[in-house]
Amino acid sequence: MIWRSREPRYDVASGISQGARDYQEDAITADFPVGAEAGFVVLADGMGGHAAGDVASKIVLTEVYSELKFHFADVDAFERRAPEILRNVAEFANQTLRTHAESHPETEGMGATLVVPALVENRLWWISIGDSPLFLFRDGRLRQLNEDHSMAPQIDFMVQAGLLDARIAACHPDRNCLMSVLMGSAISKVDCPSEPLELKAGDIVICASDGLQFLSNAQIEKVLNRYRKSRSTEIAERLLEEIHRLDDPDQDNISFTIIKVNDASARPRASHRPQESVAVARPRGLTKVVADPGLLPIPVPSPEPDIHPEEVAAIVSLPMAEAVAMEIPPPEDTAPDSPEATEEPTVVVPRRFAALA
(Lines give C-alpha, C1' and ligand atoms only; values in the text may rest on other atoms or scores of the structure.)
Protein backbone atom coordinates (compact mmCIF):
# COMPACT_ATOMS: atom_id res chain seq x y z
CA MET A 1 0.00 0.00 0.00
CA ILE A 2 1.31 3.46 -0.93
CA TRP A 3 0.42 6.41 1.30
CA ARG A 4 -0.11 9.69 -0.50
CA SER A 5 -0.43 13.08 1.15
CA ARG A 6 -3.55 15.13 0.61
CA GLU A 7 -3.46 17.39 -2.41
CA PRO A 8 -2.82 21.01 -1.36
CA ARG A 9 -5.79 23.36 -1.38
CA TYR A 10 -4.04 25.71 -3.80
CA ASP A 11 -1.62 24.88 -6.61
CA VAL A 12 0.28 28.11 -7.33
CA ALA A 13 2.93 29.12 -9.85
CA SER A 14 4.17 32.43 -11.26
CA GLY A 15 5.69 33.51 -14.54
CA ILE A 16 7.58 36.66 -15.44
CA SER A 17 9.26 37.96 -18.59
CA GLN A 18 10.80 41.25 -19.66
CA GLY A 19 9.14 40.97 -23.07
CA ALA A 20 10.57 43.32 -25.69
CA ARG A 21 11.25 46.13 -23.21
CA ASP A 22 14.70 47.31 -22.17
CA TYR A 23 13.88 47.05 -18.48
CA GLN A 24 11.49 45.31 -16.11
CA GLU A 25 8.86 47.42 -14.37
CA ASP A 26 6.66 44.57 -13.09
CA ALA A 27 6.99 43.29 -9.53
CA ILE A 28 5.12 40.23 -8.28
CA THR A 29 5.13 37.87 -5.31
CA ALA A 30 2.86 35.09 -4.10
CA ASP A 31 2.58 33.87 -0.52
CA PHE A 32 0.87 30.49 -0.11
CA PRO A 33 2.63 28.55 2.67
CA VAL A 34 2.56 24.77 2.27
CA GLY A 35 -0.52 23.33 3.93
CA ALA A 36 -2.04 26.76 4.59
CA GLU A 37 -5.72 27.49 4.14
CA ALA A 38 -5.05 31.04 2.95
CA GLY A 39 -2.67 33.03 0.80
CA PHE A 40 -2.33 36.12 -1.36
CA VAL A 41 -0.60 37.62 -4.39
CA VAL A 42 0.75 41.14 -4.77
CA LEU A 43 1.33 42.49 -8.27
CA ALA A 44 2.46 46.00 -9.16
CA ASP A 45 3.09 47.24 -12.70
CA GLY A 46 5.30 50.32 -12.66
CA MET A 47 5.04 53.41 -14.84
CA GLY A 48 7.46 56.27 -15.30
CA GLY A 49 10.23 54.69 -17.29
CA HIS A 50 13.56 53.19 -16.28
CA ALA A 51 14.31 56.04 -13.88
CA ALA A 52 11.33 55.32 -11.65
CA GLY A 53 8.80 52.73 -12.87
CA ASP A 54 10.73 49.81 -11.44
CA VAL A 55 11.26 51.74 -8.21
CA ALA A 56 7.54 52.44 -7.84
CA SER A 57 6.52 48.82 -8.39
CA LYS A 58 9.07 47.56 -5.87
CA ILE A 59 7.98 50.09 -3.25
CA VAL A 60 4.32 49.14 -3.68
CA LEU A 61 5.05 45.42 -3.58
CA THR A 62 7.27 45.69 -0.51
CA GLU A 63 4.83 47.81 1.50
CA VAL A 64 1.72 45.84 0.59
CA TYR A 65 3.37 42.45 1.11
CA SER A 66 4.79 43.30 4.53
CA GLU A 67 1.46 44.67 5.77
CA LEU A 68 -0.61 41.76 4.46
CA LYS A 69 1.85 39.20 5.79
CA PHE A 70 1.28 40.71 9.21
CA HIS A 71 -2.52 40.61 8.89
CA PHE A 72 -2.54 37.05 7.55
CA ALA A 73 -1.06 35.87 10.84
CA ASP A 74 -4.74 35.74 11.87
CA VAL A 75 -6.93 35.17 8.81
CA ASP A 76 -10.15 35.23 10.88
CA ALA A 77 -9.35 38.75 12.02
CA PHE A 78 -8.39 39.67 8.45
CA GLU A 79 -11.72 38.50 7.07
CA ARG A 80 -13.70 40.47 9.62
CA ARG A 81 -12.22 43.65 8.15
CA ALA A 82 -10.91 42.51 4.75
CA PRO A 83 -12.11 45.40 2.55
CA GLU A 84 -11.00 47.99 5.10
CA ILE A 85 -7.60 46.36 5.54
CA LEU A 86 -7.01 46.05 1.79
CA ARG A 87 -7.92 49.71 1.21
CA ASN A 88 -5.73 50.85 4.10
CA VAL A 89 -2.78 48.81 2.84
CA ALA A 90 -3.12 50.34 -0.64
CA GLU A 91 -3.30 53.84 0.83
CA PHE A 92 -0.26 53.16 2.98
CA ALA A 93 1.72 52.12 -0.13
CA ASN A 94 0.49 55.27 -1.87
CA GLN A 95 1.72 57.42 1.02
CA THR A 96 5.10 55.69 0.85
CA LEU A 97 5.36 56.56 -2.85
CA ARG A 98 4.61 60.18 -2.03
CA THR A 99 7.25 60.27 0.69
CA HIS A 100 9.84 58.72 -1.63
CA ALA A 101 9.11 61.16 -4.45
CA GLU A 102 9.40 64.12 -2.05
CA SER A 103 12.88 63.03 -0.98
CA HIS A 104 13.93 61.93 -4.51
CA PRO A 105 12.69 64.62 -6.94
CA GLU A 106 14.10 62.73 -9.91
CA THR A 107 11.36 60.09 -9.41
CA GLU A 108 8.48 62.56 -9.53
CA GLY A 109 5.67 61.20 -11.71
CA MET A 110 6.41 57.55 -11.02
CA GLY A 111 3.52 55.26 -10.20
CA ALA A 112 2.26 51.71 -10.24
CA THR A 113 -0.89 49.69 -10.64
CA LEU A 114 -1.86 47.28 -7.88
CA VAL A 115 -3.86 44.07 -7.84
CA VAL A 116 -4.08 41.82 -4.78
CA PRO A 117 -6.17 38.65 -4.72
CA ALA A 118 -6.43 37.35 -1.14
CA LEU A 119 -7.79 33.82 -0.70
CA VAL A 120 -9.14 32.34 2.52
CA GLU A 121 -10.42 28.77 2.12
CA ASN A 122 -12.88 29.06 -0.79
CA ARG A 123 -13.34 32.83 -0.55
CA LEU A 124 -11.62 35.34 -2.83
CA TRP A 125 -11.20 38.96 -1.75
CA TRP A 126 -9.37 41.47 -3.87
CA ILE A 127 -8.34 45.05 -4.36
CA SER A 128 -7.19 46.52 -7.67
CA ILE A 129 -6.14 49.96 -8.84
CA GLY A 130 -5.20 50.45 -12.47
CA ASP A 131 -5.45 48.12 -15.46
CA SER A 132 -3.77 44.92 -14.25
CA PRO A 133 -6.36 42.15 -14.79
CA LEU A 134 -7.65 39.54 -12.37
CA PHE A 135 -9.17 36.60 -14.27
CA LEU A 136 -11.35 33.68 -13.24
CA PHE A 137 -11.44 30.56 -15.42
CA ARG A 138 -14.49 28.44 -14.61
CA ASP A 139 -16.38 25.81 -16.60
CA GLY A 140 -14.23 26.41 -19.65
CA ARG A 141 -14.80 30.16 -19.79
CA LEU A 142 -12.52 33.06 -18.89
CA ARG A 143 -13.79 36.33 -17.46
CA GLN A 144 -12.19 39.35 -15.86
CA LEU A 145 -13.26 39.92 -12.25
CA ASN A 146 -11.86 43.36 -11.55
CA GLU A 147 -12.51 46.75 -13.08
CA ASP A 148 -10.25 48.14 -15.79
CA HIS A 149 -9.24 51.65 -14.73
CA SER A 150 -7.95 52.63 -18.17
CA MET A 151 -9.62 54.37 -21.09
CA ALA A 152 -10.07 51.05 -22.91
CA PRO A 153 -13.59 50.28 -21.58
CA GLN A 154 -14.84 53.72 -22.60
CA ILE A 155 -13.32 53.37 -26.07
CA ASP A 156 -14.92 49.94 -26.48
CA PHE A 157 -18.25 51.38 -25.38
CA MET A 158 -17.97 53.99 -28.13
CA VAL A 159 -17.52 51.16 -30.63
CA GLN A 160 -20.65 49.40 -29.33
CA ALA A 161 -22.58 52.64 -29.58
CA GLY A 162 -21.50 53.10 -33.19
CA LEU A 163 -19.47 56.21 -32.40
CA LEU A 164 -16.07 54.78 -33.29
CA ASP A 165 -14.73 52.29 -35.81
CA ALA A 166 -13.51 49.04 -34.24
CA ARG A 167 -10.21 49.12 -36.14
CA ILE A 168 -9.48 52.63 -34.91
CA ALA A 169 -10.45 51.67 -31.36
CA ALA A 170 -8.10 48.67 -31.33
CA CYS A 171 -5.09 50.95 -31.96
CA HIS A 172 -6.37 54.06 -30.21
CA PRO A 173 -3.47 55.94 -28.57
CA ASP A 174 -5.51 56.54 -25.41
CA ARG A 175 -6.40 52.89 -24.74
CA ASN A 176 -3.61 52.53 -22.19
CA CYS A 177 -4.16 55.84 -20.41
CA LEU A 178 -4.91 55.15 -16.75
CA MET A 179 -7.77 56.78 -14.89
CA SER A 180 -6.53 55.56 -11.51
CA VAL A 181 -3.09 54.56 -10.28
CA LEU A 182 -0.89 54.69 -7.18
CA MET A 183 1.45 57.66 -7.55
CA GLY A 184 1.29 59.50 -4.23
CA SER A 185 -1.75 61.64 -5.02
CA ALA A 186 -5.41 60.91 -4.28
CA ILE A 187 -6.53 57.55 -5.68
CA SER A 188 -9.38 58.18 -8.10
CA LYS A 189 -10.86 54.68 -8.38
CA VAL A 190 -10.53 51.57 -6.24
CA ASP A 191 -12.08 48.18 -6.96
CA CYS A 192 -12.51 46.39 -3.64
CA PRO A 193 -15.75 44.38 -3.22
CA SER A 194 -17.42 44.38 0.17
CA GLU A 195 -18.09 40.62 -0.06
CA PRO A 196 -15.82 37.82 -1.28
CA LEU A 197 -16.36 35.70 -4.37
CA GLU A 198 -17.00 32.04 -3.55
CA LEU A 199 -14.65 29.76 -5.46
CA LYS A 200 -15.30 26.22 -6.68
CA ALA A 201 -13.01 23.23 -7.02
CA GLY A 202 -11.44 23.37 -10.47
CA ASP A 203 -11.45 27.18 -10.66
CA ILE A 204 -8.28 28.86 -11.91
CA VAL A 205 -7.51 32.41 -10.79
CA ILE A 206 -4.97 34.45 -12.78
CA CYS A 207 -3.49 37.66 -11.40
CA ALA A 208 -1.51 39.42 -14.14
CA SER A 209 0.00 42.59 -15.48
CA ASP A 210 -1.49 43.89 -18.71
CA GLY A 211 1.44 42.40 -20.62
CA LEU A 212 -0.45 39.10 -20.56
CA GLN A 213 -3.21 40.79 -22.56
CA PHE A 214 -1.09 40.83 -25.69
CA LEU A 215 -2.83 37.46 -25.87
CA SER A 216 -6.56 37.76 -26.45
CA ASN A 217 -8.99 36.32 -23.91
CA ALA A 218 -9.79 33.60 -26.45
CA GLN A 219 -6.10 32.65 -26.69
CA ILE A 220 -5.69 32.53 -22.91
CA GLU A 221 -8.91 30.53 -22.61
CA LYS A 222 -7.67 28.03 -25.20
CA VAL A 223 -4.48 27.38 -23.22
CA LEU A 224 -6.39 26.96 -19.98
CA ASN A 225 -8.89 24.56 -21.51
CA ARG A 226 -6.10 22.44 -22.92
CA TYR A 227 -4.00 22.32 -19.74
CA ARG A 228 -6.64 22.78 -17.01
CA LYS A 229 -5.80 19.36 -15.51
CA SER A 230 -2.06 20.05 -15.53
CA ARG A 231 -0.05 21.54 -12.70
CA SER A 232 0.02 25.32 -12.40
CA THR A 233 3.71 25.34 -13.38
CA GLU A 234 2.91 23.83 -16.78
CA ILE A 235 0.05 26.27 -17.35
CA ALA A 236 2.43 29.15 -16.62
CA GLU A 237 5.02 27.75 -19.03
CA ARG A 238 2.45 27.34 -21.80
CA LEU A 239 1.18 30.91 -21.43
CA LEU A 240 4.72 32.25 -21.65
CA GLU A 241 5.32 30.12 -24.75
CA GLU A 242 2.21 31.55 -26.40
CA ILE A 243 3.34 35.10 -25.68
CA HIS A 244 6.84 34.50 -27.00
CA ARG A 245 5.36 32.92 -30.10
CA LEU A 246 3.69 36.25 -30.89
CA ASP A 247 7.16 37.80 -31.29
CA ASP A 248 5.60 41.23 -30.90
CA PRO A 249 8.24 44.01 -31.06
CA ASP A 250 6.11 46.07 -28.67
CA GLN A 251 5.59 43.27 -26.14
CA ASP A 252 5.25 44.74 -22.66
CA ASN A 253 6.65 43.23 -19.47
CA ILE A 254 4.70 40.13 -18.44
CA SER A 255 4.07 38.86 -14.94
CA PHE A 256 1.32 36.63 -13.62
CA THR A 257 0.42 34.09 -10.98
CA ILE A 258 -1.72 31.01 -11.62
CA ILE A 259 -3.83 29.75 -8.69
CA LYS A 260 -5.56 26.42 -9.20
CA VAL A 261 -8.24 25.69 -6.60
CA ASN A 262 -8.07 21.99 -5.76
CA ASP A 263 -10.16 22.11 -2.60
CA ALA A 264 -13.12 24.47 -2.20
CA SER A 265 -14.30 23.19 1.17
CA ALA A 266 -14.86 25.63 4.02
CA ARG A 267 -15.26 25.37 7.76
CA PRO A 268 -18.70 26.29 9.07
CA ARG A 269 -18.57 29.97 9.90
CA ALA A 270 -19.76 29.28 13.44
CA SER A 271 -16.61 27.23 14.11
CA HIS A 272 -14.31 30.16 13.36
CA ARG A 273 -12.87 31.28 16.65
CA PRO A 274 -14.13 34.79 17.52
CA GLN A 275 -10.83 36.09 18.81
CA GLU A 276 -9.22 39.47 18.71
CA SER A 277 -5.91 39.86 16.96
CA VAL A 278 -3.05 42.29 17.34
CA ALA A 279 -3.06 42.41 13.54
CA VAL A 280 -5.97 44.82 13.47
CA ALA A 281 -4.15 47.45 15.51
CA ARG A 282 -0.65 47.38 14.06
CA PRO A 283 1.10 50.72 14.55
CA ARG A 284 2.32 52.21 11.31
CA GLY A 285 5.73 53.77 11.34
CA LEU A 286 8.84 54.07 9.30
CA THR A 287 11.82 52.04 10.41
CA LYS A 288 14.90 54.26 10.46
CA VAL A 289 18.50 53.69 11.46
CA VAL A 290 20.41 55.79 13.94
CA ALA A 291 23.96 55.79 12.65
CA ASP A 292 25.64 57.16 15.75
CA PRO A 293 23.58 56.55 18.88
CA GLY A 294 26.46 57.10 21.28
CA LEU A 295 26.50 55.43 24.68
CA LEU A 296 23.45 54.60 26.74
CA PRO A 297 23.46 53.04 30.21
CA ILE A 298 22.46 49.38 30.35
CA PRO A 299 20.57 48.42 33.53
CA VAL A 300 22.15 45.52 35.38
CA PRO A 301 21.06 43.65 38.50
CA SER A 302 22.71 44.23 41.84
CA PRO A 303 26.17 42.69 41.76
CA GLU A 304 26.70 39.38 43.43
CA PRO A 305 29.18 39.32 46.28
CA ASP A 306 31.83 37.73 44.08
CA ILE A 307 31.62 40.44 41.37
CA HIS A 308 33.98 43.35 41.77
CA PRO A 309 32.70 46.96 41.37
CA GLU A 310 35.18 47.48 38.54
CA GLU A 311 33.50 44.69 36.53
CA VAL A 312 30.05 46.22 37.05
CA ALA A 313 31.30 49.62 35.84
CA ALA A 314 32.71 47.97 32.71
CA ILE A 315 29.34 46.34 31.95
CA VAL A 316 27.37 49.58 32.39
CA SER A 317 29.66 51.50 30.02
CA LEU A 318 29.37 48.99 27.16
CA PRO A 319 28.53 50.77 23.84
CA MET A 320 25.32 49.98 22.00
CA ALA A 321 25.33 48.31 18.57
CA GLU A 322 26.59 50.50 15.76
CA ALA A 323 23.07 50.95 14.42
CA VAL A 324 19.75 50.83 16.25
CA ALA A 325 16.39 50.32 14.50
CA MET A 326 13.76 52.66 15.86
CA GLU A 327 10.02 52.81 15.10
CA ILE A 328 9.12 56.39 14.17
CA PRO A 329 5.36 56.99 14.51
CA PRO A 330 3.71 58.59 11.47
CA PRO A 331 2.12 62.04 11.58
CA GLU A 332 -1.49 62.04 12.76
CA ASP A 333 -2.76 63.23 9.39
CA THR A 334 -1.41 60.15 7.55
CA ALA A 335 -4.29 57.92 8.63
CA PRO A 336 -6.16 56.67 5.54
CA ASP A 337 -9.45 58.37 4.87
CA SER A 338 -12.67 56.45 4.50
CA PRO A 339 -13.41 54.97 1.05
CA GLU A 340 -15.94 57.73 0.43
CA ALA A 341 -13.44 60.43 1.22
CA THR A 342 -10.84 59.03 -1.21
CA GLU A 343 -13.09 59.39 -4.25
CA GLU A 344 -11.72 62.23 -6.37
CA PRO A 345 -12.48 63.53 -9.87
CA THR A 346 -11.04 61.18 -12.45
CA VAL A 347 -7.59 62.09 -13.70
CA VAL A 348 -6.24 60.44 -16.84
CA VAL A 349 -2.61 59.44 -16.45
CA PRO A 350 -0.37 58.41 -19.39
CA ARG A 351 0.36 54.73 -18.96
CA ARG A 352 3.73 53.85 -20.41
CA PHE A 353 6.01 56.84 -20.86
CA ALA A 354 9.63 57.29 -19.81
CA ALA A 355 8.97 61.00 -19.58
CA LEU A 356 11.52 61.97 -16.98
CA ALA A 357 14.13 64.53 -18.01
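By convention here, the first residue in the shown sequence is residue 1. Values in this document were obtained by computation on a predicted structure and should not be read as measured data.
- The minimum heavy-atom distance linking Pro83 with Pro193 is given by the pair CG-O, 3.7 Å.
- Asn253 and Tyr23 get closest at one heavy-atom pair: ND2-O, 3.1 Å.
- The closest side-chain heavy-atom distance from Phe214 to Leu246 is below 4.5 Å.
- With sequence neighbours left out, His172 forms a ring pair (Phe, Tyr, Trp, His ring centres under 6.0 Å) with no residue at all.
- Not one N or O on the side chain of Glu25 forms a donor-acceptor pair closer than 3.5 Å with the backbone of Ser57.
- A search for side-chain hydrogen bond (donor to acceptor under 3.5 Å, both in side chains) contacts involving Arg226 returns nothing, not counting sequence neighbours.
- For the atom pair CD (Glu102) and OG1 (Thr107), the distance works out to 10.0 Å, reported to the nearest 0.5 Å.
- Between Phe72 and Phe78, the angle of the ring planes lies from 30° to 60°, which puts this pair in the tilted group.
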Would you list the atom pairs, donor with acceptor, under 3.5 Å between side chains in residues 217-224 and any protein atom, with sequence neighbours excluded?
{"unit_1": "Gln219", "atom_1": "OE1", "unit_2": "Ser216", "atom_2": "N", "d": "2.8"}
{"unit_1": "Gln219", "atom_1": "OE1", "unit_2": "Ser216", "atom_2": "OG", "d": "3.3"}
{"unit_1": "Glu221", "atom_1": "OE1", "unit_2": "Leu142", "atom_2": "N", "d": "2.8"}

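- No donor-acceptor distance shorter than 3.5 angstrom exists from the side chain of Ser232 to the backbone of Lys260, with no hydrogens or angles considered.
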**Request:** List the steps, then state whether side chain to side chain contact (heavy atoms under 4.5 Å, CB included) holds for Val116 with Leu68.
**Result:** CA-CA 10 Å; Val116 178; Leu68 279 185; 3.5 Å; yes

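- Closest approach of His244 to Ser17, counting heavy atoms only: NE2-OG, 3.3 Å.
- The closest donor-acceptor contact from the side chain of Ser14 to the backbone of Thr257 lies at 3.5 Å or more, if one exists at all.
- At least one donor-acceptor pair under 3.5 Å links the side chain of Arg175 to the backbone N or O of Ala169.
- In terms of heavy-atom proximity, Ala90 sits nearest to Leu182 at O-CD2, 4.0 Å.
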**Asked** Checking side chain to side chain donor-acceptor pair (under 3.5 Å) for the pair Ser255/Asp26: CA distance, chi angles, key distance, verdict?
**Response** CA-CA 7 Å; Ser255 59; Asp26 288 358; 3.0 Å; yes

**Item:** From CA spacing to verdict: side chain to side chain contact (heavy atoms under 4.5 Å, CB included), Leu136, Gln144
**Value:** CA-CA 6 Å; Leu136 173 66; Gln144 185 167 337; over 6 Å; no

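- A single hydrophobic cluster is not seen to contain both Leu212 and Ile16; linkage of ILVMFWY side chains at heavy-atom distances under 4.5 Å, directly or through other members, places them apart.
- Partners of Gln251 under the side-chain hydrogen bond (donor to acceptor under 3.5 Å, both in side chains) rule, at least two apart in sequence or in another chain, do not exist in this structure.
- Ile127 pairs in a side-chain contact (heavy atoms from CB on, under 4.5 Å) with only one of the listed residues (Val115, Val89, Val190), which is Val190.
- Checking side-chain atoms of Asn94 against main-chain N and O of Met183 turns up a donor-acceptor pair under 3.5 Å.
- Counting heavy atoms from C-beta on, the side chains of Leu61 and Lys58 never come closer than 4.5 Å.
- Following chains of ILVMFWY side-chain contacts shorter than 4.5 Å, one can reach Ile168 starting from Ile155, so the two form part of one hydrophobic cluster.
- With a 6.0 Å radius and a threshold of 12 heavy atoms from other residues, nucleotides or ligands, Glu234 has its CD atom above the threshold.
- Using a cut-off of 4.0 Å between Lys/Arg side-chain N and Asp/Glu carboxylate O, Asp139 and Arg141 are scored as not salt-bridged.
- Between atom CG of residue Asp11 and atom CD1 of residue Ile258 there is a gap of 10.0 Å, rounded to the nearest 0.5 Å.
- Contact check on Arg81 versus Asp76 returns no salt bridge, with no Lys/Arg side-chain nitrogen under 4.0 Å from an Asp/Glu carboxylate oxygen.
- Contact of the Phe92 side chain with the Glu63 side chain is registered, since non-hydrogen atoms from C-beta on lie closer than 4.5 Å.
- In this structure, Val41 is not a member of the same hydrophobic cluster as Ile254, with clusters built from ILVMFWY side-chain heavy atoms closer than 4.5 Å.
- Note that CD1 of Ile259 is 5.0 Å distant from CG of Leu119, once rounded to the nearest 0.5 Å.
- Side-chain atoms of Asp131 do not come within 3.5 Å of backbone N or O of His149 as any donor-acceptor pair.
- Note that the OG atom of Ser132 and the CZ atom of Phe256 stand 14.0 Å from one another [nearest 0.5 Å].
- For the atom pair CG (Leu124) and CG (Leu199), the distance works out to 5.0 Å, reported to the nearest 0.5 Å.
- By the rule that hydrophobic residues join a cluster once side-chain heavy atoms approach within less than 4.5 Å of another member, Val205 and Phe135 end up as members of separate clusters.
- Residue Arg123 is tested with Glu79, Glu198, Glu195 for a side chain to side chain donor-acceptor pair (under 3.5 Å); the sole match is Glu79.
- Residues forming a ring pair (Phe, Tyr, Trp, His ring centres under 6.0 Å) with Tyr227 (at least two apart in sequence, or on another chain): none.
- The two residues Ser150 and Met179 have their closest heavy-atom pair at O-SD, 3.5 Å.
- The side-chain hydrogen bond (donor to acceptor under 3.5 Å, both in side chains) check on Glu242 picks up Arg245, with sequence neighbours excluded.
- In summary, of the residues considered (Ile28, Leu114, Thr62), a side-chain contact (heavy atoms from CB on, under 4.5 Å) with Val42 occurs for Leu114 alone.
- Asn146 contributes a side-chain N or O that, together with a main-chain N or O of Leu134, makes up a donor-acceptor pair within less than 3.5 Å.
- Of all heavy-atom pairs between Asp203 and Arg138, the closest is OD2-NH2, 2.6 Å.
- In this structure a side-chain-to-backbone donor-acceptor pair under 3.5 Å is present from Asp74 to Ala77.
- For the pair Asp191/Trp126, a side-chain contact is recorded, criterion being any heavy-atom separation below 4.5 Å from C-beta on.
- Contact check for Glu37 versus Tyr10: no side-chain heavy atoms found under the 4.5 Å cut-off.
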**Request:** Using the side chain to side chain contact (heavy atoms under 4.5 Å, CB included) rule, take Val261 and Asn122 through it: C-alpha gap first, then chi angles, then the decisive distance, then the call.
**Result:** CA-CA 8 Å; Val261 181; Asn122 67 337; over 6 Å; no

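- In this structure, the separation between CG on Asp148 and OG on Ser180 is 11.0 Å, given to the nearest 0.5 Å.
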**Prompt:** Taking it one step at a time, do Glu121 and Arg267 satisfy salt bridge (Lys or Arg N to Asp or Glu O under 4.0 Å)?
**Reply:** CA-CA 8 Å; Glu121 295 181 342; Arg267 291 180 293 159; 3.0 Å; yes

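- Arg9 places a side-chain N or O within donor-acceptor distance of the main-chain N or O of Ser265, the cut-off being under 3.5 Å.
- Aromatic ring centroids of Phe40 and Phe32 lie 6.0 Å or more apart.
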**Message:** Run the side chain to side chain contact (heavy atoms under 4.5 Å, CB included) test on Lys69 and Asp31 for me, step by step, so that the C-alpha distance in whole Å, both residues' side-chain angles and the decisive distance to 0.1 Å come before the verdict.
**Reply:** CA-CA 8 Å; Lys69 188 66 175 175; Asp31 190 81; 2.9 Å; yes

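- Using a distance-only test at 3.5 Å, with no hydrogens or angles considered, no donor-acceptor pair links the side chain of Arg21 to the main chain of Gln18.
- Side-chain contact between Leu145 and Leu197 is present, with heavy atoms from C-beta onward closer than 4.5 Å.
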